[in-house]
There are 2 protein chains.
Amino acid sequence: MPSLSCEPLRHGAPEERARQATPGRRLDGSVIRHLDFFKELDDSALDDIAGAARPERIPRGEALFRQGEPPHALFIVLSGRFKAIQVTPEGRQVVVRLAGPGDLIGHVSVFAEKPYPATPTAATESIALMWSPRTFIALMARHPPLSLAVVRNMGRFIEEAHTRLRESSTERVERRIAHAVLRLAQQAGHRVDGGVEISFPMTRQDLALMTGATLHTVSRVLSAWEQQGVVGGGRQHLVLRDPQALARIAEEC
Amino acid sequence: MPSLSCEPLRHGAPEERARQATPGRRLDGSVIRHLDFFKELDDSALDDIAGAARPERIPRGEALFRQGEPPHALFIVLSGRFKAIQVTPEGRQVVVRLAGPGDLIGHVSVFAEKPYPATPTAATESIALMWSPRTFIALMARHPPLSLAVVRNMGRFIEEAHTRLRESSTERVERRIAHAVLRLAQQAGHRVDGGVEISFPMTRQDLALMTGATLHTVSRVLSAWEQQGVVGGGRQHLVLRDPQALARIAEEC
DNA sequence: ACGTTTCTTTGCGCCAGATCAAAGACGCGC
DNA sequence: GCGCGTCTTTGATCTGGCGCAAAGAAACGT
């Protein structure tokens with residue numbers, strides 16, 4: 001993974017960002033070979049796919065695109081984290097999804113030919129590859145295993161949406177929060193001494209938007225768990241200290 | 001669309017059903033040509049695809065497969081309706097999806113190589129085509145436009161899941177029910193004098209499972225709407241009389 | 001016709017969790 | 001160090017809709 005400079009660049013136009021990230025030459029397969037997503041593809045396919053991509057560096061807090069825009073591109077995350085926030089007509093927000101390395105972003109809209117349904121914001125400084133819809137569809141036609149990878153990825157994606165849908169309509173808040181935290185730990189946690197730490201900034205507010213609860217309720221629940229030694233951490237920072245206990249909260253009747 | 005005999009066959013094994021439905025010869029593209037799903041494919045591709053399929057007739061109330069089974073096949077609905085019900089570990093149910101003509105069923109599990117996440121039950125007598133995973137994946141490799149069609153279909157599917165997810169975590173019950181009814185009318189409604197009728201049996205219970213409400217609440221809400229002349233219909237039967245009014249309930253603040 | 005089953009309606013009490021309100025904590029820029 | 005903005009905690013109150021209970025009403029089988 002290329003290590004890039006870290007000047008505080010903010011709100012740069014996509015072109016500007018892209019220029020920052022690319023030293024002008026075509027990418028080769030090496031940047032994507034390690035991703036699970038591409039594991040079925042051979043080297044020449046990887047070169048072809050990566051060569052057609054444009055890399056983008058996205059500073060923390062900046063959006064990859066905005067909800068409602070026509071889909072001009074689709075992305076795959078190389079490093080970093082995004083949270084996709086959907087805003088309702090009434091102005092309420094929901095975190096519909098988190099994306100990390102190897103995850104596609106914007107594909108749904110590109111294939112459905114509908115406006116982007118949410119705004120993916122970088123939770124940490126991130127790098128993503130970008131393709132135009134035409135280019136990517138041509139790549140899929142050229143490399144059937146790529147189609148299959150996309151389909152598999154979307155499949156997992158649908159499963160997660162259905163799981164959350166089921167949870168949100170059958171489970172109480174505490175359980176939903178427990179599931180959300182467990183999912184986070186699994187998808188984006190790294191072991192530290194005394195637990196698993198969520199490796200990117202996560203506010204109570206975010207957790208609320210992910211579970212359909214209010215900020216206040218999330219805070220109360222986490223405070224209670226903290227007292228019981230189940231979780232720890234402070235401001236924008238969460239450590240799962242006792243996964244067993246949390247799993248019990250999530251599953252038990 | 002082939003018209004089949006209507007003997008009261010119940011709980012027959014898949015093989016038995018299949019034999020009933022196929023008079024022994026390979027299908028050709030004509031059975032699927034009219035479906036939107038296949039509109040990008042040419043005649044030879046359609047023949048190839050349909051030829052590899054096995055048709056199944058599913059009587060009302062019978063399941064195509066059961067939640068938890070390993071995915072042995074994927075289906076596309078030719079006629080009829082299915083409701084996919086997911087049962088939670090605690091025994092609660094959720095209707096995660098409705099499927100009608102042109103919709104894929106079981107694809108998510110087949111591609112993700114995970115057990116079926118729900119049980120699709122025929123809401124009316126239905127006909128579906130069936131492929132084994134290997135066969136279908138081979139077809140996708142042979143016909144890139146088929147991959148694209150699958151991906152598009154999954155895209156729409158994800159959008160709907162996200163919409164419902166957003167609704168269920170930000171909206172009150174009445175609104176959610178309103179949205180669900182509007183979606184039903186759009187997906188499976190036909191005009192009759194004085195409104196739009198949902199063209200398959202839909203109990204209050206189903207509506208409750210679709211919206212994450214209780215049977216009781218749904219009943220109350222529908223009763224109120226009936227008094228206002230917004231909807232009508234009786235047992236397992238729903239007519240949307242005033243779509244405007246319902247849209248107002250769904251959107252207005 | 002009759003009982004059985006499935007589906008629907010309606011009433012009442014209660015509680016999880018939203019809403020309203022306000023005061024701490026932590027981090028950052030100046 | 002100080003002020004300001006963001007994030008978090010905690011309390012008090014209110015209410016939507018769930019849980020429980022029970023009684024109709026339409027379809028179905030015998």
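Both backbone and side-chain heavy atoms feed into the values below; hydrogens, waters and symmetry mates do not. Order of the sequence lines fixes the chain letters, A, B, ..., with proteins taken first and strands second; residue numbering starts at 1 for each chain.
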Next on the checklist: Can you tell me if Ser219(B) touches the phosphate of dT9(C), counting only side-chain N or O atoms and a distance under 4.0 Å to OP1 or OP2?
Outcome noted: yes
Checklist entry - Please give, in whole Å, the distance from dC20(D) C1' to Leu215(B) CG? => result 13 Å
Item to check | Interatomic distance, Arg175(A) CZ vs dA16(C) C1' [rounded to whole Å] | outcome: 14 Å
Checklist entry - Tell me: CG of Leu209(B) to P of dT8(C), nearest whole Å? => result 12 Å
Next on the checklist: What contact category does Gly233(B) fall into here, base, sugar-phosphate, or nothing, at under 4.0 angstrom with non-hydrogen atoms?
Outcome noted: nothing
Checklist outcome for this item: Looking only at dT8(C), dA18(C), dT9(D), the nucleotide nearest the Thr214(A) side chain is dA18(C)
Checklist entry - Under 4.5 Å between any side-chain heavy atoms of Val230(A) and Arg241(A), yes or no? => result no
Item to check | Separation of dA21(C) P from His216(A) NE2 (nearest whole Å) | outcome: 11 Å
Next on the checklist: Nearest 0.5 angstrom please: Thr124(B) OG1 to Phe82(B) CZ, how far?
Outcome noted: 8.0 Å
Item to check | Interatomic distance where CD belongs to Glu226(B) and P belongs to dC7(C) [whole Å] | outcome: 18 Å
Checklist entry - Under 4.0 Å: is that the gap between some side-chain N or O of Thr203(B) and OP1 or OP2 of dT6(C)? => result no
Item to check | Distance in angstrom units between Arg60(A) CZ and dG27(C) P, rounded | outcome: 13 Å
Checklist entry - In Å, rounded to the nearest 0.5 Å, how long is the span from OG1 of Thr217(A) to CZ of Arg204(A)? => result 13.0 Å
Next on the checklist: Tell me whether Arg97(B) forms a cation-pi arrangement with Phe157(B), defined as NZ or CZ under 6.0 Å from the six-membered ring centre and within 45 degrees of its axis.
Outcome noted: yes
Checklist entry - Just to confirm, is there a sub-4.0 Å distance from OP1 or OP2 of dC7(C) to any side-chain nitrogen or oxygen of Arg204(B)? => result no
Checklist entry - Within this structure, what is the CZ-to-P distance between Arg172(B) and dG17(C), rounded to whole angstrom? => result 13 Å
Checklist entry - Among Asp206(A), Ile177(A), Val173(A), which residue meets the side chain to side chain contact (heavy atoms under 4.5 Å, CB included) test with Val218(A)? => result Ile177(A)
Checklist entry - Which nucleotide, dC7(C), dC18(D), dG17(C), lies nearest any side-chain atom of Thr217(B)? => result dC18(D)
Next on the checklist: In whole Å, I'd like the distance from the CG atom of Leu238(B) to the P atom of dT8(C).
Outcome noted: 10 Å
Checklist entry - What is the nucleic acid contact for Arg235(A), judged by heavy atoms within less than 4.0 Å: base, sugar-phosphate only, or nothing? => result base
Next on the checklist: Any donor-acceptor pair, under 3.5 Å, between the side chain of Arg220(B) and the base of dG16(D), if you only look at N and O atoms?
Outcome noted: no
